[in-house]
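Below is one structure, written out as structure tokens, with a few remarks after it.
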Number of protein chains: 2
Amino acid sequence: MNTLPPERRQSQPDRRRRGRRASDQRLLTSKMPPASRHLGQLKAACSQCSLHELCLPAGVDMLDLARIDQLTQKRQRILRHQTLYKAGDPFHSVYAVRAGFFKTEGGIGDGRDQITGFQMAGELIGLDGISSGRHACSAVALEDSEVCIIPFNEMEALARAVPALQRSLHRLMSREMVQDRKLLALLGNGTAEERITAFLIDLSQRLSQRGYAASEFVLRMTREEIGRHLGLTLETVSRTLSRLQRQGAIRVQQRLVRIVDAEALAGRVPA
Amino acid sequence: MNTLPPERRQSQPDRRRRGRRASDQRLLTSKMPPASRHLGQLKAACSQCSLHELCLPAGVDMLDLARIDQLTQKRQRILRHQTLYKAGDPFHSVYAVRAGFFKTEGGIGDGRDQITGFQMAGELIGLDGISSGRHACSAVALEDSEVCIIPFNEMEALARAVPALQRSLHRLMSREMVQDRKLLALLGNGTAEERITAFLIDLSQRLSQRGYAASEFVLRMTREEIGRHLGLTLETVSRTLSRLQRQGAIRVQQRLVRIVDAEALAGRVPA
DNA sequence: GCGCATCTTTGACCTGGAACAAGATGCCGA
DNA sequence: TCGGCATCTTGTTCCAGGTCAAAGATGCGC
């Protein structure tokens, strides 16, 4: 089930970043993000969660929030490189990312297939399992993470009682479709540079929505994973990042990316 | 709203196909498909519609079917090349294709953007508008078509009362996500031949689900539209079709496609 | 029937990114 | 401190598919 034994090789993520520049403190790590300050207090519910206006309960009033709290009682910790579920697993629940970072990839997750997306705190994973009753992709943690387990039957039942939750769910599903299609257009028409640029801008926006700096962040995924997401080889990803740096749009240092000229960057992506 | 004035330039679709071979009779045209035999009797409801187990009411029992019938009272005829909605239009309803054929494309539908999909009878269009309250793409009829107009607010309300409808809706949305991701993988990794092949197989399957011959059908879209769907140029689409024909897998004659060697075809597409 | 418009096919050439290869870098455990 | 390993960078070569161009098909209106 897990890709790695529970040894702690990955239990000290990003130790290598010790002693970096101060701004690193603000970056998305499994130690420091605001969303996980109460990582210990597992009782913290939707109503307490700093993500609640990004996540499911968006637009739900206080009264109904209590009922959603009950829905999301169960939590699960996922260590880096562990899989939350695999393609083909029977579908029972969806998962809200509370903290950490995931990738979802087609196939069994053997590292060959397309990566359909990267999910961060406040995003819902697993909705694609509804249609067939089995998960259509595999979800793997890119860093130590925590999710809320949301039994889908219960969620549907509650959605019937709480229109705001119903609407919220529909909006989330719809948003996924829209995002997938943006990516589709990118893969269909975009050059390598446009893909990378759009990817960085998207990441930057999502991070800033969560209170992180928009202009500097740490990539949680390898070049190869970026490539498998964008339909490029890892070499092309690397080259393109180097080129963008040479042109002064960004500054790259391993996984650390700083967006130097957001204007220039945005100018490269169509529409 | 519509891209063409209500003149009847397109009111006699496929006249050119007069006098073709007999097998054409079985093909998907706006005149002959089983789904539209009662095209005149606009009162025909979900419960009467030959598509009802492909469409929304899948799995809904007779009692609740009556309530869904009310939901789908309104119909609309869309002539060829007319747009059902444009990207940016405010979102109020989703549409179930009763008869005909649509494409959905990003942007204003000016003919430059990615075509996100082709929809045939029994499929739902417009769900991507939920997230932002505005349609995210444009839907254009590729032949004279008819849709059920389903006010989404009413549909949500009914879904709260009828769990089977709720589930059906969720399944449909989920299915769209899964399909988008298949396409994504194709655009990310597939060669031109794999894309075209997968496209033909998909069309063939969907047509046969609707009672048409799986091995011979008429493409409702141009090479250019296929290309814009698959991230290829129209020249590459044409060349690839020619090559598949030369290799004996298919037989192409303008828009008419006959799948000669389904095995060989399926063997070309990965997984 | 003729001319026009749209769509399709095919050819010739060029290029962006894949594939292959060879270091470089940084992390980790011994 | 060193050596192993994963990851990343950079160079070189090659080809699938894009681009440009031109010529068939096909159907439509006149």
Side-chain angles (χ1 to χ4, degrees), chain A residues 3-4 7-20 80-81 111-112 142 186-196 218-228 230-246 250-257 268, chain B residues 4 7-20 24 80-81 111-112 142-143 186-197 218-228 230-246 250-257 268:
Chain A
T3 52
L4 285 179
E7 289 145 16
R8 328 304 310 310
R9 181 176 136 253
Q10 65 278 31
S11 67
Q12 302 174 326
D14 304 318
R15 174 191 288 259
R16 81 182 109 129
R17 241 178 297 292
R18 227 180 345 150
R20 278 283 180 72
R80 188 148 82 119
H81 292 168
R112 292 261 146 230
L142 292 181
L186 212 57
L187 296 210
N189 309 315
T191 64
E193 193 173 286
E194 287 167 346
R195 297 183 205 194
I196 299 280
V218 173
L219 300 171
R220 312 316 303 192
M221 69 295 285
T222 67
R223 306 288 192 256
E224 199 243 345
E225 286 165 332
I226 297 175
R228 268 164 55 215
L230 298 178
L232 301 169
T233 59
L234 70 97
E235 292 96 328
T236 299
V237 173
S238 178
R239 265 188 259 272
T240 306
L241 287 175
S242 298
R243 178 149 31 93
L244 287 174
Q245 170 165 244
R246 229 175 297 127
I250 62 174
R251 176 92 209 142
V252 192
Q253 205 172 339
Q254 298 293 117
R255 303 276 181 104
L256 178 66
V257 173
R268 280 165 209 279
Chain B
L4 285 180
E7 288 143 17
R8 333 302 311 308
R9 183 176 134 252
Q10 66 277 31
S11 67
Q12 301 175 329
D14 303 319
R15 175 191 287 262
R16 79 185 112 130
R17 238 176 301 290
R18 229 181 341 154
R20 277 282 180 72
D24 266 47
R80 184 147 85 118
H81 292 166
R112 291 259 147 232
L142 292 180
E143 62 179 7
L186 212 56
L187 296 211
N189 309 315
T191 65
E193 193 173 287
E194 287 167 346
R195 298 183 203 193
I196 298 280
T197 302
V218 172
L219 301 172
R220 309 319 302 192
M221 69 295 283
T222 66
R223 305 290 193 257
E224 199 244 342
E225 287 165 331
I226 297 175
R228 269 163 54 213
L230 299 177
L232 300 170
T233 59
L234 68 98
E235 292 96 328
T236 300
V237 173
S238 178
R239 267 188 260 271
T240 307
L241 287 173
S242 298
R243 177 148 31 94
L244 288 174
Q245 171 166 246
R246 227 175 296 127
I250 63 175
R251 174 95 209 137
V252 192
Q253 207 174 335
Q254 299 293 117
R255 304 278 181 102
L256 179 66
V257 173
R268 280 165 208 279

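Protein chains get the first letters and strands the later ones, always in sequence-line order, with residue 1 at the start of each.
- With rounding to whole Å, A:Leu219 atom CG is found 12 Å from D:dC8 atom C1'.
- In the set D:dG18, C:dT9, C:dA18, C:dT9 carries the atom at the smallest distance from any side-chain atom of B:Arg223.
- Residue A:Thr233 is in sugar-phosphate contact alone, with no base atom involved, counting any heavy-atom pair closer than 4.0 Å across all strands shown.
- A distance of 9.5 Å separates CZ of B:Arg268 from OG1 of B:Thr191, quoted to the nearest 0.5 Å.
- For the salt bridge (charged side-chain N to carboxylate O under 4.0 Å, His left out) criterion with B:Glu143, the lone passing option out of B:Arg220, B:Arg80, B:Arg255 is B:Arg220.
- Contact annotation for B:Gly231: backbone-only contact, meaning every heavy-atom pair under 4.0 Å involves sugar-phosphate atoms and none involves a base.
- The CZ atom of A:Arg223 sits 13.0 Å away from the CZ atom of A:Arg239 when rounded to the nearest 0.5 Å.
- Here the straight-line distance linking atom OG1 of B:Thr197 with atom CG of B:Leu241 works out to 9.0 Å at 0.5 Å rounding.
- Here D:dT19 presents its C1' atom at 15 Å from CG of A:Asn189, a figure rounded to the nearest Å.
- Taking atom CD on B:Gln245 and atom P on C:dT10, their separation rounds to 8 Å, with Å as the unit.
- In this entry the distance linking CG of A:Leu241 with P of C:dT25 reads 17 Å, nearest Å.
- A distance-only check finds no donor-acceptor pair linking the side chain of B:Ser238 to the backbone of B:Leu234 [under 3.5 Å].
- In this structure, B:Thr236 reaches the D:dG18 phosphate: one of its side-chain N or O atoms is under 4.0 Å from OP1 or OP2.
- Counting non-hydrogen atoms under 4.0 angstrom, A:Thr222 reaches the backbone sugars and phosphates but no base.
- To the nearest angstrom, C1' of C:dT9 lies 14 Å from CD1 of B:Ile226.
- In this structure, B:Ser242 reaches the C:dT10 phosphate: one of its side-chain N or O atoms is under 4.0 Å from OP1 or OP2.
- By the 4.5 Å heavy-atom criterion applied to side chains, B:Ile226 and B:Leu219 are counted as neighbours.
- The nearest whole Å value for the distance from the CG atom in A:Leu187 to the P atom in D:dG18 is 14 Å.
- The shortest distance between side-chain heavy atoms of A:Thr240 and A:Arg195 does not fall below 4.5 Å.
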Distances for protein N or O near nucleotides 20-25 of chain D N or O, under 3.5 Å:
{"from": "D:dC20", "atom 1": "N4", "to": "B:Glu235", "atom 2": "OE2", "distance (Å)": "3.1"}

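- Contact annotation: B:Thr191 does not reach the phosphate of D:dA16 (side-chain N/O to OP1 or OP2, under 4.0 Å).
- When the P atom of D:dG18 is taken as reference, atom CZ of B:Arg228 falls 14 Å away, rounded to whole Å.
- One interatomic measurement links the two molecules: CD of B:Gln253 to C1' of D:dT26, which rounds to 12 Å at whole-angstrom precision.
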